[in-house]
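Report on the following structure.
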Amino acid sequence: MAYNYRVKYEETKKTLEPICALFDVDNSEITMKFVAAALGAVVLVFMFIYGNPGGGTVQGILLFLIKFLAAWAALAVAAIIINKTVWRKAVLATAAGDAEELSKYRREKDGKNITSQIDFYEDRFESVTKIKTRAFEYGRVIKLLESEQAFGIVIKTDKNIRAVIGFPKDALLEADIEEFKSFLLGRCPQVKNKIKKL
């Protein structure tokens, strides 16, 4: 069966860095949201156990909850802003180190740079390397990620683990990236017709 689209590139520090950045930025956003949510919940529980919110009256407790929820929302907004500005620089620096480590590890394992290939068919896509071929159904795709230089497909594996299959955009062979994105959006029902831009 012929593929509809093919991606092919050599895994080097330069090609892996935008892919690692895509993965790291997405992970940091998830982590920041989790931290903001967990911190708010913990503070609320401690306030009710060890404090006296609202003076114990129904009206006082309602007023306390309204103020608390407003502060919690402000914390979430602050976390998002920090994540997209100051923290983003740290994450991108981490991505450069991750790419270097990954490139070195794979080169040592195989003796040279690995060539990665991803073939996109009507009903599945396959990640092909010299070592092995892995096939994924589009129904397992939970998110599509895009940056200026890279594209990522987030899937849930059989063990319910999140995995990202990414590639540099210029590795898409003889095809328009916009057509490719439309192709994927039409086959990934869990994505809900949305690509997350990072």
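Keep in mind that the numbers below use all heavy atoms, side chains included, and drop hydrogens, waters and symmetry copies. Everything numeric here is computed off the predicted structure, so don't read it as measured data.
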Report yes or no: does [X] contribute a side-chain atom to a donor-acceptor pair with the main-chain N or O of [Y] at less than 3.5 Å?
X	Y	result
Tyr3	Tyr121	no
Gln190	Gly139	yes
Lys143	Gly152	no
Ser127	Arg134	no
Arg6	Asp119	no

Are side-chain heavy atoms of [X] and [Y] found at a separation under 4.5 Å?
X	Y	result
Phe151	Leu184	yes
Leu144	Ile153	yes
Thr15	Thr12	yes
Arg162	Ile142	yes
Phe125	Val7	no

Indicate the atoms forming the closest heavy-atom contact of [X] with [Y], along with that distance.
X	Y	answer
Ala150	Ile19	CB-N, 4.2 Å
Trp72	Ala41	CZ2-N, 3.5 Å
Tyr9	Phe167	CE2-CB, 3.7 Å
Glu146	Leu22	C-CD1, 3.9 Å
Lys13	Ala99	O-CB, 3.8 Å
Ser147	Lys169	O-NZ, 3.0 Å

Atom pair [atom1] ([X]) and [atom2] ([Y]), whose distance is rounded to the nearest 0.5 Å:
X	Y	atom1	atom2	result
Leu16	Ser116	CG	OG	7.5 Å
Arg124	Phe136	CZ	CZ	12.0 Å
Arg140	Lys156	CZ	NZ	10.5 Å

Flag the pair Tyr5 / Phe183 as yes when their ring centroid distance falls below 6.0 Å, and as no otherwise.
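Distance test on ring centres: under 6.0 Å, yes.
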Applying side-chain hydrogen bond (donor to acceptor under 3.5 Å, both in side chains), name anything that partners Asn4, two or more places apart in sequence or on another chain.
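In terms of side-chain hydrogen bond (donor to acceptor under 3.5 Å, both in side chains), with neighbours along the sequence ignored, Asn4 is linked to Glu122.
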Between Val128 and Leu173, is there shared hydrophobic-cluster membership here, with clusters defined by ILVMFWY side-chain heavy atoms closer than 4.5 Å?
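Per the 4.5 Å side-chain linkage, Val128 and Leu173 are not co-clustered.
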Under a single-linkage definition using a 4.5 Å side-chain heavy-atom cutoff for Ile, Leu, Val, Met, Phe, Trp and Tyr, are Leu69 and Phe64 assigned to the same hydrophobic cluster?
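Cluster IDs for Leu69 and Phe64 match.
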Can Thr133 and Glu126 be counted as having a side-chain donor-acceptor contact under 3.5 angstrom?
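Looking only at side-chain atoms, Glu126 and Thr133 do not form any donor-acceptor pair under 3.5 Å.
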Tell me whether the count of non-hydrogen atoms from other residues, nucleotides or ligands lying under 6.0 Å of NZ in Lys67 goes above 12.
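Atom NZ in Lys67 is not packed in, count stays at 12 or less.
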Would you say CD of Glu101 has more than 12 non-hydrogen atoms from neighbouring residues, nucleotides or ligands within 6.0 angstrom?
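12 or below, so no.
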